[in-house]
Amino acid sequence: MRYALAVIKGADPLRAQLRDHEAADILWAVAGPDMHRLLVDQRHWTADRYRRWLADAIDRLLFD
């Protein structure tokens, strides 16, 4: 997730209070395979709905 975080961060800085390792933990919590299985497989979300939700969640949780 640290590599994914580096890619996602790009030119946008993280929220001021977040360190990279904390942001990687948050990213793992929302983007890990367990969340995908829960929402797509068990709750029957479409892949598109999951992608939109994930992008929004990452933006809200990690960036100002």
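- Among residues two or more places apart in sequence or in another chain, the side-chain hydrogen bond (donor to acceptor under 3.5 Å, both in side chains) test is passed with Asp48 by Arg52.
- Separation of atoms CG (Leu27) and CG (Leu54) is listed at 7.5 Å; rounding is to 0.5 Å.
- Applying the side-chain hydrogen bond (donor to acceptor under 3.5 Å, both in side chains) test to pairs two or more places apart or on separate chains, those with a residue in residues 33-47 are Asp34-Arg37.
- Nearest heavy atoms, Phe63 versus Pro13: CD2-O, 3.3 Å.
- Every side chain to side chain contact (heavy atoms under 4.5 Å, CB included) that Arg15 has, sequence neighbours left out, goes to Gln17, Leu18, Asp64.
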